[in-house]
Each structure stands twice: as C-alpha cells, then as structure tokens.
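Encoded as structure tokens, the structure appears first; notes follow it.
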Amino acid sequence: MKRLFALCMMACALGAQAQVAEAPKDVNGVVDNTPDSIAKAMTARPVPGSSRKGNNPVLFLIGNSTMRTGTLGNGNNGQWGWGYYAHEYFNADKITVENQALGGMSSRTFYNKLWQPIKQAIRPGDWVIISIGHNDNGPYDEGRARASIPGVGDDSLNVVIKETGEHETVYTYGGYMRKYINDVRAQGGNPILMSLTPRNAYDENGKIVRKPHTQWLMQVAAEEGVPFIDLNEISGRKLDSYGAWKTDYHFFLDKIHTSRFGAMMNARSAAEGLMASRNPALNPLKAMMQNVELNTWQVNRTDGKPVVFITGDSTVKNADKDKDGMWGWGAVANTVFDENKISIVNAAKAGRSCRTYLNEGRWEQVYNSLQPGDFVLIQFGHNDTGAIDMPKYRAAIATGNDSCHVYQMKAAKEDLAKQNIIDQKLKSNTIVGSYEVVYSFGWYLKKFIQDVREKGATPILVSLTPRNEWESGKIERRNDSYGAWYRQVVKETGVEFVDLHNLAADFYDQKCGSKAKAEKYFKQDHTHTSLLGAKTSAQCVAKGLRANHSALAKYLKKK
C-alpha cells in the first residue's frame with residue numbers, strides 16, 4: 001500500500017512538473033561540495049546576530065559561493081566571495097556586517113535549510129541583502145534538488161526527492177524572493193534585493209553575459225516596494241571595460257568563483273550601488289556607510305597639464321629632506337621634468353614591492369587618479385625577493401612568466417612566542433594564517449601596465465637602480481634575473497622601457513670605477529642613494545626617455 005502511495009505521489013509530481021517551466025541548466029559547470037559539509041561550514045559561519053554591538057543594527061548577507069566561497073570561506077583555495085570585503089564599506093561603530101552566505105545554496109535550499117535561525121535573529125532596524133540565484137538550476141527532484149521554477153509567477157510544483165523520499169513544494173524564483181521579503185518585514189527588518197555577480201562569460205557582442213535573474217528581481221522589488229541594486233550590471237560594466245586578460249584574473253579556477261580581485265570589485269560595486277540609489281528607504285543605511293568614494297591623489301589639473309606618476313620603492317622615495325641623508329630620485333624629478341608643462345606625483349613608498357604596493361591599495365590610488373594623457377613610471381625589484389609567506393610578506397614569485405600560487409602566511413620565529421599570534425594583525429596588513437594568491441614579478445608588472453593603458457594613460461617600465469656592489473672593477477648588474485624579467489615583460493607587452501639599471505651602471509663604471517669612489521652616490525648602505533645619487537638616477541631616466549624618443553621626453557627640461 002505504501003509503495004502504491006509513493007508511486008501515485010511521484011506520478012502527480014511528474015504531472016505537475018510538465019505544467020511548469022523546465023528548470024534551467026547548470027551553466028556554471030562547477031561541482032560545489034559545500035552542501036555535503038554543512039556541519040563543518042557552520043563552524044566558520046557566524047551565529048546569526050552574534051556580531052551585534054549593543055542595540056546597533058546588523059546587515060545580514062544572504063547568498064551562495066559568490067558571496068562566501070569554500071567550506072570555511074577563508075580563501076584557502078584562492079577563491080573569495082565578496083561578502084568577505086563588504087564590511088569595509090560600513091562603519092563598525094554603527095552597524096555590523098554578517099556574511100551568512102554558503103556555497104552551493106540556491107534560493108530554495110538556503111530558505112529551506114539555513115534561513116530560519118537567521119530570520120529569528122533579525123531585529124527591527126536590521127538590514128538584509130538577498131543576492132542569490134546562481135544555483136537555482138538542475139533537477140527539481142534529484143541530486144542537489146535545488147532548482148526553483150524560472151520566473152516570478154505563482155506556479156508551484158510538488159516533488160518527491162528521489163534519493164530521500166522527502167516531499168517538497170517548489171516555488172518560482174520570485175516566489176522565494178517574496179518569502180524572504182515577507183519574513184524580513186515580519187521581524188521588523190529592511191530587505192534589499194540585489195542581482196547576482198556576473199560570470200566570466202561573453203555574449204555574441206563580446207560583452208559579459210547579464211543574468212536573467214536581474215529582470216525577475218527588478219519586478220519583485222517593484223511589486224513589493226523594496227530597494228533593488230543591480231550588482232550584475234555594475235560589475236558587468238567594469239568587466240566589459242577591463243578586457244579578457246584582466247577579467248580572467250578576477251576569477252580563479254573557474255568561470256563563476258572570484259579571486260580576491262573579483263571579490264573586492266563586487267564588494268565595491270555593491271557599496272556603490274547602495275550609495276547611488278535614489279530610493280529614500282536606503283537613506284538610514286547609507287548614513288552608516290564609509291569608504292565608498294574612490295581613493296585618489298589630489299592633483300591640481302586646472303591648468304590642463306598631464307601628470308607623471310612615479311611608482312616604486314625607497315630608491316624612488318625616501319626621507320628626501322636632509323641634504324646629507326637618503327634620497328629617492330622621484331624627489332628630485334623636478335630637476336629633469338619641466339613643471340610648467342607637466343605635474344609630478346611621486347607615489348613611491350619605501351620598503352614596497354610590486355606585491356605590497358598593490359596589496360596596500362597604493363596602486364589603486366594611482367589607478368583611480370589616472371586620466372588620458374597621463375604617464376606612469378613603474379620601477380620595482382629591490383624588495384621583491386625573499387620568503388613569500390613570511391614577514392614582510394612582500395616577495396613575488398621569481399620569474400617573468402605569468403604564474404601564481406596560493407600561500408598561507410606564516411609567522412617569523414621570533415613572533416611565535418607571542419600570545420594569540422594567529423589573531424594579531426601585523427604592520428604589513430597581512431594576518432598570520434591567512435591565505436593569499438601570490439603572483440610572479442612579471443605578472444604584477446603586466447597588471448600595472450594593463451591598468452594604465454585601460455585608463456588611456458602611458459605606462460613606462462623603469463628597471464631598478466644598481467647597488468654599490470663591485471666585482472672585477474665593474475658595478476654589479478642583475479641582468480640575469482630582474483633585467484631578464486623586465487625584458488620579457490617588455491617583449492610580451494610592447495611597453496616602453498627605460499633601462500635605468502644599466503644606464504646608471506654605465507655611469508658608475510665610467511665615472512667611478514670602484515666601490516670606494518662611488519660611495520658619495522650612496523648613503524648608509526649599498527642600495528639607497530644620496531642626494532647626488534638620486535639626481536644621477538633622475539638624469540639617467542631622462543637620458544633613457546630621450547633615447548626612446550618617448551612621448552614623455554617632450555616634458556623634460558632642455559639640456
């Protein structure tokens with residue numbers, strides 16, 4: 001009798017299934033095993049509401065692996081969800097952000113398996129961003145059994161899950177969105193619908209594919225009177241402007257999950273969308289936001305002059321104030337550039353490598369400041385060697401080839417005795433125990449070059465200054481390592497190249513002939529230049545620009 005009943009229920013389910021739209025195919029092509037490890041994943045996800053400070057509101061994030069990727073969500077596979085960075089745009093003294101997303105979830109499975117404790121934690125005045133849908137595909141009644149019915153109608157489907165015999169009513173995608181909205185409102189919270197992150201996929205016009213869920217979410221938001229943020233479009237436009245090479249590294253391992261770059265971009269896009277919204281319902285949330293404005297260099301452009309940005313390390317920017325101290329050549333760039341024709345921004349920072357210059361947001365500040373017609377001089381190398389996963393966490397993979405690897409950051413031996421070292425944030429802004437995808441020296445240079453070109457500005461690669469180390473009457477040259485990597489990047493990108501390393505080395509060989517005679521060009525050690533050495537480096541840069549017939553050469557002072 002029980003067997004007959006089960007067969008009848010299955011027949012009814014199949015009959016109902018024939019009357020609703022077919023479930024979408026899984027275009028992501030990724031097997032996400034997180035749902036098989038929910039118990040483990042729950043140890044990494046915050047207890048709903050646990051971040052609340054006093055009576056302050058909480059912003060709950062509801063989503064899938066594009067918001068929190070991996071079982072632990074800690075980037076140990078090189079993938080990051082944008083929810084990891086969302087808190088950076090909110091004032092923690094006014095509101096806390098809880099990333100309640102979990103990989104592998106659809107709007108249906110999240111609602112059925114994870115939503116209830118979150119719902120119960122919502123208090124009046126809280127906010128809930130709902131951005132989920134990448135996994136609303138595949139069979140309705142077997143396997144992951146996570147598909148919702150396409151669209152926003154009132155259709156439903158009674159199914160029996162083949163593997164478990166569990167009975168379930170499946171609703172449309174819009175139907176689940178309405179459930180979330182109604183539940184949040186019932187708790188006194190404020191729901192926000194947000195479209196999905198874009199995939200690394202292009203349409204017939206060469207543009208990033210926009211997800212159909214956007215139209216469904218817009219319709220539900222309009223009908224229910226809730227704010228809608230089109231994250232899919234905001235991030236999609238950015239990817240469209242990047243080009244294929246840059247878009248590719250915003251994803252990692254596959255076409256759906258983002259790298260740190262992609263996660264940070266999506267988090268910023270979400271914040272920008274919220275701040276740009278004209279929906280008055282979002283005004284209280286916007287009052288608790290921060291850091292949405294782009295970080296830029298303050299440059300006076302009223303006279304229409306182009307700007308030359310100089311990036312690098314302490315050989316470009318040092319203390320630069322005591323005549324008998326250490327100087328970087330960027331501090332004396334005005335001895336070779338005519339400031340009546342071009343503005344100079346010395347954006348270098350002592351101790352930085354390509355990797356740390358990028359990780360600390362210094363490159364982003366330059367990138368955000370660029371306008372067509374500007375120039376960027378890019379010089380790194382002195383600090384790009386050493387242990388990749390140890391303090392100061394600044395070394396790159398030693399090659400000019402495109403390469404990357406996931407590393408877990410370790411503590412130095414002298415730090416291991418410190419209590420709770422795993423929770424301490426070091427001066428480098430790197431947390432011991434955290435994971436980072438580290439790239440090659442050549443890759444970082446290529447990224448900088450591509451970013452500058454994207455903005456309509458001109459990148460110029462400048463090789464590192466020589467050190468005051470001598471052998472057989474000649475100053476040391478690193479043409480078999482950094483010199484070779486620079487030239488490889490030049491060959492692959494066609495970027496203009498000023499070989500400061502060899503130009504300055506030629507000068508020291510001819511002018512000095514020994515370490516002792518070259519001492520006056522250096523200060524305190526064999527790397528950092530004196531004021532005289534800095535001026536010499538600047539003159540060598542100018543010489544290289546003239547030899548190249550560079551577009552930047554016309555902004556040099558006349559000899």
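Values below: all heavy atoms of this structure, side chains included; hydrogens, waters and symmetry mates excluded. Just so you know, these numbers come straight off a predicted model, no measurement behind them.
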Separation between [atom1] of [X] and [atom2] of [Y], rounded to the nearest 0.5 Å:
| X | Y | atom1 | atom2 | answer |
| --- | --- | --- | --- | --- |
| Gln488 | Leu445 | CD | CG | 10.5 Å |
| Trp470 | Glu476 | CH2 | CD | 11.0 Å |
| Gln79 | Ile256 | CD | CD1 | 10.0 Å |
| Arg146 | Asn135 | CZ | CG | 4.0 Å |
| Asn76 | Tyr435 | CG | OH | 5.0 Å |
| Ser481 | Asp384 | OG | CG | 11.0 Å |

Is there side-chain contact between [X] and [Y], with heavy atoms separated by less than 4.5 Å?
| X | Y | answer |
| --- | --- | --- |
| Ile62 | Val128 | yes |
| Thr197 | Thr258 | no |
| Ser269 | Glu233 | no |
| Val489 | Phe497 | no |
| Ile208 | Tyr202 | yes |
| Leu370 | Glu454 | no |
| Leu294 | Ser369 | no |
| Ile95 | Leu285 | yes |

Side chains of [X] and [Y]: do they bring a donor and an acceptor to under 3.5 Å?
| X | Y | result |
| --- | --- | --- |
| Lys392 | Thr356 | no |
| Arg477 | Asn502 | yes |
| Ser314 | His382 | no |
| Lys447 | Tyr439 | no |
| Asn295 | Asn368 | no |
| Thr315 | Gln379 | yes |
| Ser440 | Asn401 | no |

Could you walk me through whether Asp525 and Arg467 satisfy the salt bridge (Lys or Arg N to Asp or Glu O under 4.0 Å) test, starting with their C-alpha distance in whole Å, then the side-chain angles of each, then the deciding distance to 0.1 Å, before giving a yes or no?
CA-CA 9 Å; Asp525 54 39; Arg467 300 185 302 178; over 6 Å; no
Parallel, tilted or perpendicular: which fits the ring planes of [X] and [Y], with parallel below 30° and perpendicular above 60°?
| X | Y | result |
| --- | --- | --- |
| Trp245 | Trp443 | tilted |
| His250 | Phe261 | tilted |
| Tyr482 | Phe441 | perpendicular |

Can you list the steps and then say if Trp327 with Val332 is a side chain to side chain contact (heavy atoms under 4.5 Å, CB included)?
CA-CA 8 Å; Trp327 287 74; Val332 293; 4.2 Å; yes
Would Tyr521 and Tyr508 count as a close aromatic pair, with their ring centres under 6.0 Å?
yes
Among residues at least two apart in sequence or on other chains, which ones pass side-chain contact (heavy atoms from CB on, under 4.5 Å) with Lys94?
Asn91, Met288
What's the verdict on salt bridge (Lys or Arg N to Asp or Glu O under 4.0 Å) for Arg210 and Asp230, showing C-alpha distance, side-chain angles and the deciding distance?
CA-CA 10 Å; Arg210 301 325 195 239; Asp230 197 352; over 6 Å; no
List the steps, then state whether side chain to side chain contact (heavy atoms under 4.5 Å, CB included) holds for Val58 with Gln100.
CA-CA 12 Å; Val58 175; Gln100 292 292 345; over 6 Å; no
When you look at Asp451 and Lys246, which way does the side chain to side chain contact (heavy atoms under 4.5 Å, CB included) test go after all the steps?
CA-CA 9 Å; Asp451 280 351; Lys246 185 171 180 176; 2.8 Å; yes
Mark yes when over 12 heavy atoms from residues, nucleotides or ligands other than Lys535 sit less than 6.0 Å from its NZ; otherwise mark no.
no
May I ask you to check whether over 12 heavy atoms, not counting those of Phe507, lie within 6.0 Å of atom CZ?
yes
Derivation of the side chain to side chain contact (heavy atoms under 4.5 Å, CB included) call for Trp329 and Leu500
CA-CA 11 Å; Trp329 71 262; Leu500 171 60; 3.9 Å; yes
Does Tyr357 have Lys349 sitting over its ring (NZ/CZ under 6.0 Å from centre, angle to axis within 45°)?
no
Kindly determine whether Asp402 and Lys446 satisfy salt bridge (Lys or Arg N to Asp or Glu O under 4.0 Å), including the steps that lead there.
CA-CA 9 Å; Asp402 282 0; Lys446 291 172 191 173; 2.9 Å; yes
